[in-house]
Number of protein chains: 2
Amino acid sequence: MSMAGTVEAEGGGSLHQRILSDINEKILSGAWAPGHRIPFEHELSVQYNCSRMTVNKALSQLAKAGLIERRRRSGSFVRRPQSQAAVLEIHDIRIEVEALGLPYRYERVARHKRRSNTEDRALLELATAGPVLALECRHFAGERPFAHEQRLINLIAVPEAADEEFMAVAPGPWLIGRVPWSEAEHRIRAVAADRHIAAALDIETGAPCLVVERRTWSAEHPVTHVRFTYAAESHTLVARFRPQG
Amino acid sequence: MSMAGTVEAEGGGSLHQRILSDINEKILSGAWAPGHRIPFEHELSVQYNCSRMTVNKALSQLAKAGLIERRRRSGSFVRRPQSQAAVLEIHDIRIEVEALGLPYRYERVARHKRRSNTEDRALLELATAGPVLALECRHFAGERPFAHEQRLINLIAVPEAADEEFMAVAPGPWLIGRVPWSEAEHRIRAVAADRHIAAALDIETGAPCLVVERRTWSAEHPVTHVRFTYAAESHTLVARFRPQG
DNA sequence: CGTTTCAATATGTATATACATAATCGTCAT
DNA sequence: ATGACGATTATGTATATACATATTGAAACG
């Protein structure tokens, strides 16, 4: 390894990391604009005084992250940012409440086991009728209701749930870990509180609420559908975009 | 390469891909529960009849994706799904409207160039005063207002914006591509329409609205802050969880 | 009995090498 | 001109190898 002039010493992380963040910086700062051809693997391997494999791994990762596009025989090119994709972290409600420094309390309002009706099947995207568990719960932050939860659990997918009363433990934490879930879909919207929700959250009828609905699948079966309703003042969802890991 | 008994021929993709999706499947199906120690690199390299490097690359990728945790000397373990992370795609409004099959129309309501006041600095997270461009726009789906846009652009970061009237082109599409952005933060909440918003969206005062605020940074500077307000009936955000890419 | 030391082990990173694959360019014959 | 074809080139994938590093478990020692 000839050290001719290169800094090399500093760096902090591995070479892999350094190449990655260098190129990242060039792209995000605009120094390399969209469409710009970045140096060939061979050139970078000379510049960083390393093997082509090391460069290749870094560039492959950038390509997978969508920052560059690689074309055989032509080289690698900076892509323009296209989709505004953001990562939305949806935490357990207990954690959110405790992050606010408030005492958390959970209350089960209702629990019904029944054969799925038409609405249940629509919510769970079930093709055929079968047993479901319908739950209604409230989550408190201190004295005030924080969130209202309406949940359906597909008992075909989670038969053990039929034996659980959910008086002490909320269905969310109960399901996590017990059921491996492969996919989830969230829908977020604003609604006016109806009388039922208004009473549950102790707000005015017609007051704006944030609704987060989640449908979860596990391999084959729909597992659960849950609708959380938050009073407008109490809740903001935060999503972050981050181009790399 | 001894072919002793292994299938090898089939597969479709590369070995790398096959290892990746095999393990993925095992984890998501629940066959390998959280905490389970997956086979050592050495064992997998025997099983797939390939080198340790190939296995290592696949496992490193799974580790980066958060599906497994790797511990030196101990092995690699399946992690429990911890954060409900979902990918939220926020499209350009024109695209959303056109996806609904409705004609899109854009209207610039107001444009002010000024020295940033206290509120501007709070929204943009600016430390010092400087020139900003404040825009107010409406986006229509057919005849009806679809979204109301309030935007601040930091003219220190984007001086060219000072010369643009934004009569024909919306600031969102104008900024994309022109400014490389390294980070963005979204805040999503429900509010009641005030008189101004109600008039702009042609809804009742106090009606629930979905508000999406986005703050964007580019390397050093804050670039823009934008608040989109949607009438409740008109809009639902959809976010998807997907364990891999 | 507790602590230190040391070897074994699994992962982390990098290298040189090899061949496959796709795209492009130039050449040459029609 | 035009089309066929082969050489060139850059990336894609995999291999064998080497050494670094963190952690565990057991042996040696006070």
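Since the model is a prediction, treat every value here as computed from it, not as a measurement. A note on names: the letters A, B, ... follow the listed sequences, proteins ahead of strands, and every chain is numbered from 1.
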Mind calculating the distance between [atom1] ([X]) and [atom2] ([N]) to the nearest angstrom?
{"X": "A:Leu15", "N": "C:dG12", "atom1": "CG", "atom2": "P", "answer": "17 Å"}
{"X": "A:Glu69", "N": "C:dA22", "atom1": "CD", "atom2": "P", "answer": "16 Å"}
{"X": "A:Lys64", "N": "D:dT13", "atom1": "NZ", "atom2": "C1'", "answer": "13 Å"}
{"X": "A:Lys57", "N": "D:dT13", "atom1": "NZ", "atom2": "P", "answer": "14 Å"}
{"X": "B:Asn56", "N": "D:dA18", "atom1": "CG", "atom2": "P", "answer": "17 Å"}
{"X": "A:Phe40", "N": "C:dT24", "atom1": "CZ", "atom2": "C1'", "answer": "12 Å"}
{"X": "A:Leu20", "N": "C:dT13", "atom1": "CG", "atom2": "P", "answer": "12 Å"}
{"X": "A:Tyr48", "N": "C:dT13", "atom1": "OH", "atom2": "C1'", "answer": "17 Å"}

Nearest of [options] to any side-chain atom of [X]?
{"X": "A:Ser14", "options": "C:dT11, D:dT24, C:dT13", "answer": "C:dT13"}
{"X": "B:Arg52", "options": "C:dA23, D:dA18, C:dA14", "answer": "D:dA18"}
{"X": "A:Ser51", "options": "C:dA23, D:dA16, C:dA16", "answer": "C:dA16"}

Worksheet item: Does B:Arg73 or A:Ile38 map to a spot on DNA chain D nearer the 5' end, using the closest nucleotide for each?
Response: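 Residue closer to the 5' terminus by nearest nucleotide: A:Ile38.
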Discussion item. For B:Gly66 versus B:Arg79, what's the shortest heavy-atom pair and its separation?
Written reply: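 Heavy atoms of B:Gly66 and B:Arg79 come nearest at O-NE, 3.3 Å.
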Item to complete: Taking all non-hydrogen atoms of both residues into account, name the closest pair between B:Trp174 and B:Glu160 and its distance.
Response: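 Where B:Trp174 meets B:Glu160 most closely, the heavy atoms are CH2-C, 3.9 Å.
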Worksheet item: Within 45° of the six-membered ring axis of A:Tyr106 and under 6.0 Å from that ring's centre, is NZ or CZ of A:Arg94 located there?
Response: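 So A:Arg94 doesn't make the cation-pi contact.
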Worksheet item: Starting at the 5' end of DNA chain C, which residue's closest nucleotide do you reach first, B:Met53 or B:Pro39?
Response: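 With B:Met53 and B:Pro39 compared, the 5'-side residue is B:Pro39.
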Worksheet entry | Intermediate values then yes/no, side chain to side chain donor-acceptor pair (under 3.5 Å), A:His186 and A:Arg214 | CA-CA 5 Å; A:His186 299 82; A:Arg214 172 162 61 234; 3.3 Å; yes
Check whether any side-chain nitrogen or oxygen of [X] sits under 4.0 Å from OP1 or OP2 of [N], and answer yes or no.
{"X": "B:Arg71", "N": "D:dT23", "result": "no"}
{"X": "B:Thr54", "N": "D:dT13", "result": "no"}
{"X": "A:Ser76", "N": "D:dT11", "result": "yes"}

Discussion item. Looking at A:Arg72 and C:dT21, is any side-chain donor or acceptor paired with a base atom of the opposite kind under 3.5 Å?
Written reply: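 Yes, the side chain and the base share a sub-3.5 Å donor-acceptor pair.
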Discussion item. Is it true that A:His16 and A:Gln61 share a donor-acceptor pair across their side chains at a distance under 3.5 Å?
Written reply: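 Side-chain D/A pair, A:Gln61 to A:His16: present.
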